[in-house]
2 protein chains.
Amino acid sequence: MDRIDHKIITLLAEDCRRSLADIGAGVNLSPSAVNERIRRLTASGAIRRFTVEADPEALGLPVTAFIWVALAPDSDEAAFRSFAQTRPEISECHHVTGPWSYLLKIHSPSLAGIEAFLSTLKERRFLARSETMIALSSPVDPGFSPRGDL
Amino acid sequence: MDRIDHKIITLLAEDCRRSLADIGAGVNLSPSAVNERIRRLTASGAIRRFTVEADPEALGLPVTAFIWVALAPDSDEAAFRSFAQTRPEISECHHVTGPWSYLLKIHSPSLAGIEAFLSTLKERRFLARSETMIALSSPVDPGFSPRGDL
DNA sequence: GCTGAAACGGTCATGAC
DNA sequence: GTCATGACCGTTTCAGC
């Protein structure tokens with residue numbers, strides 16, 4: 001993972017469809033050398049996946065919400081984590097320091113969808129308490145990259 | 001934006017390097033028809049960009065932090081927004097409901113980097129107050145897609 | 001939106017350093 | 001071990017329908 005690998009990842013992040021020749025011109029390497037580096041970066045996990053950033057609104061998900069979750073004392077934390085991984089509306093789930101257990105980022109078609117999601121958390125007895133903040137606008141946002149089939 | 005466009009975006013999100021023929025097989029369309037749809041989805045902004053998801057740790061950014069920001073009463077909010085857009089360590093910036101003005105997601109090489117970032121916010125007189133939470137682990141996280149040159 | 005042909009680009013074997 | 005060259009072949013692209 002040297003400076004060249006770094007540059008390659010930056011170039012791919014901007015546009016992962018540029019040709020190996022283009023990238024090679026940017027890092028003074030032949031297409032095949034670039035290809036080999038990309039193969040290694042992908043194999044090592046430095047590049048997780050080639051994907052598209054979509055506009056959540058275009059996908060019918062105009063509401064972005066952040067939910068602070070305090071897990072119920074008797075809840076199964078491993079179960080919560082796998083729950084989070086299987087719900088496509090959760091685009092992020094972080095175990096964080098501070099008074100809350102987890103921070104979730106949710107994409108939803110409507111506020112009613114957020115309410116329904118909170119109901120699900122309650123039904124499954126994960127929640128001790130929670131706090132929800134709605135994103136009004138997002139000057140910087142990676143958007144949405146659907147995991148699974150939505 | 002019909003069901004087929006939706007499916008195409010989902011398939012591209014999983015792996016945007018699959019061939020038009022592969023995608024076509026998944027949606028019962030010819031490669032050229034798929035290509036035309038992708039072109040339209042990109043032109044309309046439904047697909048923002050073709051990119052790679054990188055592992056922040058591999059890029060030397062093992063620390064993920066969320067910073068709640070309350071803007072100083074006399075601060076220039078437009079300036080804060082463009083500041084946020086130009087700082088590569090900010091991977092998300094959301095204007096949110098609730099007691100705080102903004103939520104930032106930061107990738108940093110170290111805790112010292114977070115401290116330095118907070119100092120910058122103070123120096124620029126953006127901050128009334130802030131609260132920082134460090135991500136301990138992330139069961140669901142899109143990772144990092146470098147904007148700009150880092 | 002499909003078909004078919006042409007241009008392009010990714011891939012891999014080979015050889016140099 | 002890493003990289004460049006060049007030929008092969010799958011893929012994208014575009015014209016015509």
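The chains referred to below are lettered A, B, ... by the order of the sequence lines, with proteins before strands, and numbering in each begins at 1.
Here the options are A:I9, A:I8, A:D5, the test is side chain to side chain contact (heavy atoms under 4.5 Å, CB included), and the partner is A:I38; only A:I8 passes.
The CZ-P distance, from A:R18 to D:dT12, rounds to 18 Å in whole Å. For the pair B:L29 CG and C:dG1 C1', the interatomic distance rounds to 7 Å; values are reported in whole Å. In this entry the distance linking CD1 of A:I8 with C1' of D:dC3 reads 12 Å, nearest Å. As a whole-Å value, the separation of B:E36 CD from D:dT11 P is 20 Å. The nearest whole Å value for the distance from the CD1 atom in A:I38 to the P atom in D:dC3 is 12 Å. Per the geometry, CZ belonging to A:R37 stands 17 Å off P belonging to C:dG10, to the nearest Å. Separating the CD1 atom of B:I23 from the C1' atom of C:dG1 is a distance of 16 Å, rounded to the nearest angstrom.
Remark on DNA chain C: of its neighbouring residues B:R17 and B:I4, the 5'-side contact belongs to B:I4, judged by nearest-heavy-atom nucleotide.
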_Run the side chain to side chain contact (heavy atoms under 4.5 Å, CB included) test on A:I106 and A:T64 for me, step by step, so that the C-alpha distance in whole Å, both residues' side-chain angles and the decisive distance to 0.1 Å come before the verdict._
CA-CA 6 Å; A:I106 307 287; A:T64 301; over 6 Å; no
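Distance from the side chain of B:N35 is smallest to D:dT12 among D:dC3, C:dC2, D:dT12. Distance from the side chain of A:L20 is smallest for C:dT11 among the nucleotides D:dA4, C:dT11, C:dC2. Here D:dC3 is the nucleotide among C:dG1, C:dT3, D:dC3 with the atom lying nearest to any side-chain atom of A:R40.
Contacts of B:S19 with the nucleic acid, taken as non-hydrogen atoms under 4.0 Å apart, involve only primed sugar atoms and P, OP1 or OP2.
Figure legend: cation-pi geometry between B:R129 and B:W100, with NZ or CZ positioned under 6.0 Å from the six-membered ring centre and within 45° of its axis.
No continuous path of hydrophobic side-chain contacts links A:V63 to A:L61 [ILVMFWY only; heavy atoms under 4.5 Å].
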